[in-house]
Amino acid sequence: MMEREILALGVNHRRAPVEVRERVAMNDDVEEALRRLVLMPRIEESAIISTCNRVEVLATSTDVDGAIEDLVDFLASNERITREELTAHLSVFRGREAVRHVFRLASSLDSMVVGEPQILGQLKDAYTNAVVAGSASTILHRCFHKSFNVAKRVRSETGIASKAVSVSSAAVELTGKIFDHLEDKTAMLIGAGNMGELAARHLLARGIHTLIVTNRTHERAVELAAELRGEAVPFAELQSHLPRADVVIGSTAAEDYVLTAPMVQTALQRRKYRSMFLADMSVPRNFDPAINEIENVYLYDVDDLSTVAEINRDDRAREAGKAEAIVDEEVDSFCRWMDGLDAVPTIVALRNKAEAVRQAELAKSLSASALRNLGAAEREALDAMTSAIVNKLLHTPITQLKQQGRREAVYFVAALRQLFEIEEPDER
Amino acid sequence: MSSFFLATALALYLLTTATFVAHVITGHDSLRRSALALLAGGFAMNATAIAARVAVFGYEAFAPFEEGLSFIACLTVGLYLLIARRTNFTVVGALISPIAFLFCLSAYAFESGGAPLPGRVQTIWLPAHVAPALAGYAIFTVAFCLSITYLLQERQLKAKRRSDLFRRLPSLETLDTLNYRFVTWGFALFTVGLLTGSFLARETWGELWSWEPVQVWSVITWLLYGGLLQARSVGWRGHRAATLTIVGFAILVASFLSVNLVFPGKHGGNFG
């Protein structure tokens, strides 16, 4: 009999380009696919994780090599991809590594952007589908639930998801150091460059109240304003609208300064010295560096912003290290639990528990008044009798457990552990 | 009994300071929670010390400045605990707790036997003067710490430094808004303390105004904080508001020390 193992197999963004992934994708027919998996003799439990970055099957089997063959056939069965092509881009994780893979997925350590929380929801969907299809059981139930716990731990114990890693998001993150909230703030976007637009989108996502867009070519400003649901103002009126702006983003192709220190100084007076944050996303720079000298005004150029983003990336890498350590810890604990699903340790634990109960009850009865005066022979007889009762009672379940095939045994073991409250190995 | 509680409060405030500093350096959230728990403990001990003292000597036990200090410390910490639930307020806590420690230390070192006040001082005007004045001082102390934090955050932003400290500072707007609210309330209470103080002066010294050092300094401080609030409407906010709040507090401390230690005047000693 072979060891039961968890297996994770499929294509993901690490090893398979999108051209390959899209041919394996099974967006609509996951339920149908799960039903087919349930019927495969070498696959015990299964679940399908299908996102734009991956199509993976999570399964348990006692014949892992056979199961891998079956699953490759399964993934190639839509005939949009050949077996050879698939094998070339396939990622296979077995046993401990498979558990680690699921936990890392849930914690967003394997995501395109590390720390992006989207994957957790997708994993929950995968689990729900498997439950509905009846393809998940004891091991995958626990594996999924544990992975959600790991994700929670990683989120609360590390700063993995809390830092901006791009220049435009760094700019928006900095506004949080100056302003309490953005819901009553106004931003002004000068120019129609990509980075500026991206930053504006980030600001909108954070709930900025008003967005003013201006550009040398007014038509472009109108276009962009319509797209971002902002307000387009003519470039010539820049100065008169500047006092309204709490956040100013520069992203033009201009060769000289669009904003000078006196312009900002004038605007600042008109807005009664309420703080302003200026992010200059252009090269060459659009905002005069001297602006940063003005009281209550904070100017960051592209280099400053990318330093922020870089430090955040370093932080994220450091935080990812912490997260990996948490994952390792949880993988250990999960694997200990799986080992415990072997019949033998459970039988031993059951015997020990029964024996402990017998001993305790015997000692209690023998010290009680009615039996206190028993002689050695009687005590021995009593001991033998209680032993016999315990052994007879345990005989049938233990024989049953030993006679079951591996496939069913695991469920008996899990049930037995729960019924008799046998401590799980990972909680020791 | 009172000094035992005060000593415990002192020890707790010292521990709190260390824990807050450790949190600011490492960022471990458990340290933040421990610091808040320790501070709450210090606050409770401080309040108990005050209650024990009032039980023995009556409320006028707090008229002399060294006793007033432990009262100010207690109020300051209490006010901080009210705002400490906000995230990133540990730097403010790291400033508040050593100040509370110093205040209590002075109170502990100069603890008097509770010499009775002259009977003529003991009118209704005494608590009406002392309570708002001390509360005003406490509020200005918190405002001072908020302003220091503001300048720290501002320096980090201007210099584009991204130290660990930077990450654990509140936003400028949060600090400025809170500072404004605190100064407003502090100013209101200080004004009440000043007015009731004048009535008290008339009852005890026979005149509303006697060019007595505390009176002079208090009016200067009052003008400064009042000016600060007024100037806000013409744009003295942010950096300038923070700087002025710090200057105001410095004058407050200087007057407190000089009046009570160097030129006692009629406020110090036995109010004669």
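Here is the naming used below: chain letters follow the sequence lines, and residue numbers restart at 1 for every chain.
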field: Which atoms of A/Asp304 approach chain B - backbone, side chain, both or neither, heavy atom under 4.5 Å
entry: side chain

- prompt: At a heavy-atom separation under 4.5 Å, does B/Arg232 approach chain A through its side chain, its backbone, both, or neither?
  reply: neither

query: Can you say whether A/Glu157 sits under 4.5 Å from chain B via the side chain, the backbone, both, or neither, judging by heavy atoms?
result: neither

query: What part of A/Arg271 is in contact with chain B, defined as an atom under 4.5 angstrom from a non-hydrogen atom: side chain, backbone, both or neither?
result: neither

Contact origin within B/Ser233 toward chain A - heavy atom pairs under 4.5 Å: backbone

query: Between B/Lys160 and A/Leu299, is there a donor-acceptor pair closer than 3.5 Å when you use the side chain of the first and the backbone of the second?
result: yes

- request: Indicate the ring-plane relationship of B/Phe144 and B/Phe249, choosing parallel, tilted or perpendicular according to the 30° and 60° boundaries.
  value: parallel

query: Between B/Glu154 (side chain) and B/Leu172 (backbone), is there a donor-acceptor pair under 3.5 Å?
result: no

message: Against A/Arg285, only a single residue in A/Asp256, A/Asp301, A/Asp303 fulfils salt bridge (Lys or Arg N to Asp or Glu O under 4.0 Å); can you say which?
response: A/Asp301

- request: Calculate, to the nearest 0.5 Å, the distance between atoms OG1 and CZ belonging to B/Thr221 and B/Phe190 respectively.
  value: 5.0 Å

